[in-house]
Amino acid sequence: PLRLVHERGLIEPMPTHDDQRFRFRHVITQSVAYDSVLLRARTDVHRAIANGIEAGQSDEDQRQQKNVEALARHYLGAGDNARAIEYLEASGAKAMGRFSVAEARSRFRHALDVSRLDPDDVTARRARARLAVRWAETCVYAPTPEQVTLLEQVLDEAIQDVDLRNAALLGYWINWLQHSIGEQVAAESGTRLMLQQLGDDDTTPVGEALQSLLGMILTASRQPDEGIERLRRGLQRRDAAYRGGETEEAVSGMHVYGLAQLAVAHADAGNVHEARSSADYALAVTRTVGQRLTEGSVQICRCLAHVLTGDWSEIRTAIRETEQLDPVVITGHVSRMGDILDSFASIQLGAGHGLERLDRAVAAQRNSDQLLALSLGEALLATALVDVGRVADARLHAPDDAHGLGPRRHRSRAADDHSRWSRSPPRKLTLLPTSGPKHRDASTRRSRQWRASGSPDGWPERSVPGS
């Protein structure tokens, strides 16, 4: 029958295999053939194909995970959710290995959704917590409030199941995502609570990660002095290891990003020399340890520090270097932030059409969920408009909230000059969106849960994301 179908032109041999494997010539033919198979027979066919693929794999195929996507699809079709989750997770890890963050995020989310099909299964709940952690690691490149909501649901289950390891990691990533989308009040509250449970002087990798995260949150909340202290505490051990030649200890993407955030904190505190040296050091560490996915974000942090110190040429240089990176490691967030910062630097350097470029870059963010890039752009656009005397237009872009990192010198020009703002009260510029009540409530709820579950003594020594 297979030869007959082949002769009629409905299928063809797969180009990378011998004549034993075929594919449909057109997706419509495949769909019609698939829908014509009875459901019970369809399940059996999927299982038979999955078993055949597994039996025919060489050791090299297994090592390279060549067939994990097909195996996930066929085990899903066979109704074997446990095996499907296993291969979906493997396909997500495979995608991350080649820096396909969006694909990895989709694969992990698919696995997470499959694990939720049986909410009462204890094994599935354990897998769900682990999968949620892996999914959260990919969400930092495109954070949204909906991700926080889903992770909080899984966190509730992990605490109920006394799965303290995954609960700790989920709490960390929830706070990180809240920080990324501008929910600084909720992020700070949740991170401080976790440090309190762990012990504020804890020096395990978990404690260090939380200290670094709190430092980033405090920097974004215009508390740079404590932010610097927290970042130093969180980065101290790994930085000493790096300086001592143990680069593997400092290879974490969170570590190099924390170094870049330290430069921003120094700049916001007015420590110009420390800001410049910290920014250059963060980039040197990133390149030494080969953190390709993190380099774009580190460059953006360097640019933010240079905005605060007024080093406009350095911003344009950093953006040009970022544009030379492999496109596969440049996330949309880095690209959008780069456009905004480059346009603002062009204005400060007197380049033509800089204001129009910045206006277009900000307008492109208004229909997206990238609140950080939008808030940054609105703040800088308001500053640029005030500089050219367009105060009325600037009022449309200046954020109402005083939280978040902002260019202090330029903010004072734009927001604190009462005569320029006419009869309207002065408003401070910000690079981060305002904190919404939803996640503050969620943080309060988590606070009660952590206290009810007791101190997470079971946190592992090496459970830091990226370690």
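Atoms considered below: every heavy atom in the structure, side chains included; atoms not considered: hydrogens, waters and symmetry mates. Sequence positions, counted from 1, serve as the residue numbers for this chain. Only a predicted model underlies this, so the values are computations on that prediction, with no experimental measurement involved.
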Testing the 3.5 Å rule here: is there a donor-acceptor pair between the side chains of [X] and [Y]?
X: R116; Y: Q153; value: yes
X: Y281; Y: D239; value: yes
X: S346; Y: R357; value: yes

Within this structure, what is the [atom1]-[atom2] distance for the pair [X] and [Y], rounded to the nearest 0.5 Å?
X: I228; Y: R230; atom1: CD1; atom2: CZ; answer: 13.5 Å
X: L259; Y: R302; atom1: CG; atom2: CZ; answer: 12.5 Å
X: R109; Y: L88; atom1: CZ; atom2: CG; answer: 13.0 Å
X: S212; Y: R232; atom1: OG; atom2: CZ; answer: 13.0 Å
X: R128; Y: L112; atom1: CZ; atom2: CG; answer: 7.5 Å
X: L304; Y: Q299; atom1: CG; atom2: CD; answer: 11.5 Å

Taking NZ, NE, NH1 and NH2 as the nitrogens, is one of them in [X] or [Y] under 4.0 Å from a carboxylate oxygen of the other?
X: E69; Y: R73; value: no
X: E86; Y: R83; value: yes
X: E321; Y: R287; value: yes
X: E103; Y: R98; value: yes
X: R320; Y: D342; value: yes

Over all atoms of both residues, closest heavy-atom pair of [X] and [Y]:
X: V162; Y: R126; result: O-NH2, 4.5 Å
X: I315; Y: A345; result: CG2-CB, 3.8 Å
X: A90; Y: V68; result: CB-CG1, 3.9 Å
X: I340; Y: A361; result: CG1-CB, 3.9 Å
X: I159; Y: A167; result: CG1-CB, 4.2 Å
X: C303; Y: A318; result: SG-CB, 3.7 Å

Does CD in E226 sit with more than 12 non-hydrogen atoms of other residues, nucleotides or ligands closer than 6.0 Å?
yes

Please confirm whether the backbone N or O of [Y] pairs with a side-chain atom of [X], one donor and one acceptor, at under 3.5 Å?
X: N271; Y: A267; answer: no
X: E157; Y: V154; answer: no
X: Q184; Y: H179; answer: yes
X: S221; Y: I217; answer: yes
X: T309; Y: A305; answer: yes
X: R105; Y: T138; answer: yes
X: R47; Y: A78; answer: yes

Side chains of [X] and [Y]: closer than 4.5 Å at any heavy-atom pair?
X: Y257; Y: M216; result: yes
X: V133; Y: Y172; result: no
X: K94; Y: R107; result: no
X: L341; Y: V307; result: yes
X: Q57; Y: Q65; result: no
X: I85; Y: Y75; result: no
X: T219; Y: L231; result: yes
X: D225; Y: L218; result: no

After noting the C-alpha distance and the side-chain angles of L76 and H110, does the key distance pass the side-chain contact (heavy atoms from CB on, under 4.5 Å) rule?
CA-CA 11 Å; L76 277 173; H110 193 179; 3.6 Å; yes

Parallel, tilted or perpendicular: which one describes the rings of F344 and W312, with boundaries at 30° and 60°?
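Because their plane-to-plane angle is over 60°, the rings of F344 and W312 count as perpendicular.
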
Can D280 and R276 be said to form a salt bridge (charged side-chain N to carboxylate O under 4.0 Å, His left out), step by step?
CA-CA 6 Å; D280 292 340; R276 290 170 178 164; over 6 Å; no

Q160 vs R125, side-chain contact (heavy atoms from CB on, under 4.5 Å): CA-CA, chis, key distance, verdict
CA-CA 10 Å; Q160 292 170 13; R125 285 165 68 105; 3.4 Å; yes

Yes or no on side-chain contact (heavy atoms from CB on, under 4.5 Å) for Y87 and S91, after CA distance, side-chain angles and deciding distance?
CA-CA 6 Å; Y87 283 114; S91 65; over 6 Å; no

Trace of the side-chain contact (heavy atoms from CB on, under 4.5 Å) decision for N175 with Q178:
CA-CA 5 Å; N175 294 330; Q178 287 177 327; 3.7 Å; yes

With salt bridge (charged side-chain N to carboxylate O under 4.0 Å, His left out) as the criterion, how do E208 and R233 come out once you've worked through the C-alpha distance, each side chain's angles and the decisive distance to 0.1 Å?
CA-CA 7 Å; E208 292 172 344; R233 288 170 63 179; over 6 Å; no

Who passes salt bridge (Lys or Arg N to Asp or Glu O under 4.0 Å) against E274, sequence neighbours left out?
none

